[in-house]
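Numbers for residues simply follow the sequence, beginning at 1.
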Amino acid sequence: PPPFPQLYFKTQFVFITHCQHICTPLLLNMARRLGCHLNQWCSRMCAIELDRRGDPVYFALNPNPPSYSERLGIHDFLDQGKGYSVHVSAGDRIQSARLYCELQNTLASQLPRTCSVWAMHAFQPDVDNSVIKGFFIQDAQDLPHTGGVLQDLVQRHRLDLCSYVPGEDGTQWWQWIWSQPDDKTMRVVHKYCIVAADIPEQHPSVLSIRNSVVFYSFEDAYTVLQECIEVIPESKEVLELADRCLHPKTRGDFPIIVIEGLDATGKTTLTQSLREALEGVLLRSPPACLSQWRARFDAEPPLIRRAFYALGNYITADQIARESMQAPVVVDRYWHSTAAYAIATEVSGKLENLPAPGSAEYRWPSDLLGPDLVVLLTVSPEERLRRFRGRGDDKTREEAELEANNLFRLKVEETYRRIGDPVCTIVDASPSREEVLQEVLQLVQSKFHV
């Protein structure tokens, strides 16, 4: 029998979103909880990431069908097999972020091979933090096992349900929203027609950057880890270290120089040589005091992982302020790296999908101690890859992505260039170590007269 007999159609599209409670009967309660989203739901657009390197497939919702019948590209896509979509849309943000990752892992490991899975967004165009993330699943053979996997997810988590059905003329698809009135009978309370949508000015993933993957104040990052204490006990120890940064210290008069760049561009070599030449102090971000917890937080969703590294910048800033009282300070990576990798990872698709130059996403946090000079080391992709393969170190997920994905590398580099105040001074790191050091020393001497 079909896994959802009450809502079964020969061809159907199921849209499942996170809700507050679930109890028996399963489907009735799931649908009842969907009512809290109805006021804004029709104002949302949807985007399916069929090609992570290109544009998503967009569509909108309308309570009234258009006066003319128009066959849309999304209709052809829905006709190709039975479809589902799993979304996390409400509730505690920590729980939602972790559930999203669990859903991703479950879908990847338990769905049959006949299924294809794509990232999907439901969002209000150009409205920050309006994105409901999810996954679109299409089963070309309509296997019962696919519905069984989703039903098991529904039973183990708190989810809402609505369905999509084809129109009678075969040229339209409808979204049917279900609810449970007082008589306990499951019935449709809203019907929305799938209609064409213009490509929005901003890619939907851009709407999820601020204070979700990039943090612009100490308080915003700190609050995320506060909310994690019950599920991630290590958060308490990280917060205890961060508490020292609640009252920022006055910086000294010695210059603060940050060296940035992709992996294998020569940052470690340059920072060590620069420290010796300036008789200064070398610091790194994230700081060594966080090393014992990095593997733990690297396994968490972006919201939690990025907040952890954001606090690392503030801890480093506290160290910079103290050390700059005594000597020049050289820093191996700082906020530029934290933001560049986060933005490039979050924004899917082509390079043009990045936030526009001058956007607020590129602005330095007002409460974070800024450097006097930021040097961005660059090398050709071929040279960087040669150096990277020669190191033999274990790779982080982002390092592996850099090696395998040229588009991701381009997005990271472009984000570095767009971050302003302070902007990056670009230095070609292809020449010998001594030549690169001398060029950076000339920059330091011209700026600080040392």
Side-chain angles (χ1 to χ4, degrees), residues 1-19 22 26-31 33-34 37 41 44-52 56-59 61 72-90 96 99-123 131-167 172-178 186 188 190-192 194 204:
F4 304 114
Q6 294 95 328
L7 300 174
Y8 185 74
F9 302 92
K10 183 175 181 181
T11 307
Q12 73 169 2
F13 170 78
V14 179
F15 182 96
I16 306 173
T17 54
H18 193 264
C19 74
I22 185 166
L26 181 64
L27 293 175
L28 297 181
N29 283 274
M30 290 189 327
R33 288 296 168 189
L34 190 58
H37 309 306
W41 193 253
R44 294 183 181 274
M45 288 176 59
C46 294
I48 304 175
E49 300 271 9
L50 298 181
D51 180 2
R52 289 282 294 176
V57 174
Y58 291 102
F59 63 91
L61 301 171
L72 305 178
I74 185 65
H75 296 159
D76 295 333
F77 175 68
L78 294 174
D79 282 340
Q80 293 175 14
K82 184 174 179 180
Y84 305 85
S85 175
V86 184
H87 282 250
V88 179
S89 66
S96 295
L99 175 57
Y100 177 83
C101 290
E102 182 178 344
L103 288 174
Q104 184 177 29
N105 293 334
T106 299
L107 295 175
S109 62
Q110 296 187 16
L111 287 176
R113 295 182 179 180
T114 57
C115 290
S116 299
V117 180
W118 296 275
M120 183 174 176
H121 311 278
F123 63 100
V131 177
I132 299 174
K133 294 183 178 182
F135 305 98
F136 183 88
I137 306 110
Q138 188 175 69
D139 186 353
Q141 296 185 14
D142 192 7
L143 297 179
H145 178 64
T146 303
V149 170
L150 295 180
Q151 184 177 28
D152 181 62
L153 286 172
V154 170
Q155 291 171 338
R156 291 188 290 111
H157 303 293
R158 300 174 299 185
L159 302 170
D160 280 336
L161 179 67
C162 66
S163 64
Y164 282 57
V165 298
Q172 295 174 343
W173 278 73
W174 288 79
Q175 180 195 72
W176 288 12
I177 300 182
W178 300 77
M186 192 76 166
V188 176
H190 285 275
K191 296 182 179 181
Y192 294 132
I194 296 178

Can you tell me if His145 uses its side chain to pair, donor with acceptor, with the backbone of Gln110 under 3.5 Å?
-> yes
side-chain hydrogen bond (donor to acceptor under 3.5 Å, both in side chains) involving Asp76 - partner list, sequence neighbours excluded | Arg71
Thr114: partners by side-chain hydrogen bond (donor to acceptor under 3.5 Å, both in side chains), with sequence neighbours left out | Asp139
Just do the side chain to side chain contact (heavy atoms under 4.5 Å, CB included) check on Asp79 and Trp173 with the steps written out, would you?
-> CA-CA 10 Å; Asp79 282 340; Trp173 278 73; 3.3 Å; yes
Going from [atom1] on [X] to [atom2] on [Y], what distance comes out if it is rounded to the nearest 0.5 angstrom?
X: His87; Y: Ser96; atom1: NE2; atom2: OG; result: 13.5 Å
X: Cys46; Y: Met120; atom1: SG; atom2: CE; result: 4.0 Å
X: Leu78; Y: Ile48; atom1: CG; atom2: CD1; result: 6.5 Å
X: Thr146; Y: Lys82; atom1: OG1; atom2: NZ; result: 8.0 Å
X: Leu61; Y: Lys191; atom1: CG; atom2: NZ; result: 15.0 Å

Work out which heavy atom in Gly134 is nearest to a heavy atom in Tyr100; give both atom names and the distance.
-> N-CE1, 3.7 Å
Any side-chain heavy atom of Arg44 sitting closer than 4.5 Å to one from Ile132?
->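 Arg44 reaches Ile132 side chain to side chain.
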Can you find a heavy atom in the side chain of Val149 that is under 4.5 Å from one in the side chain of Ile137?
->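 Heavy-atom side-chain distance check fails, nothing below 4.5 Å.
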Quick one: ring pair (Phe, Tyr, Trp, His ring centres under 6.0 Å) partners of Trp118, sequence neighbours excluded?
->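 By the ring pair (Phe, Tyr, Trp, His ring centres under 6.0 Å) rule, Trp118 matches Phe77.
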With sequence neighbours excluded, tell me which residues meet side-chain contact (heavy atoms from CB on, under 4.5 Å) with Val131.
->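 Val131: side-chain contact (heavy atoms from CB on, under 4.5 Å) contacts with His121, Phe123, Lys133, Leu207, Ser208.
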Qualifying residues under side-chain contact (heavy atoms from CB on, under 4.5 Å), relative to Gln104, sequence neighbours excluded =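 Counting only residues at least two positions away or on another chain, Gln104 forms a side-chain contact (heavy atoms from CB on, under 4.5 Å) with Phe135.
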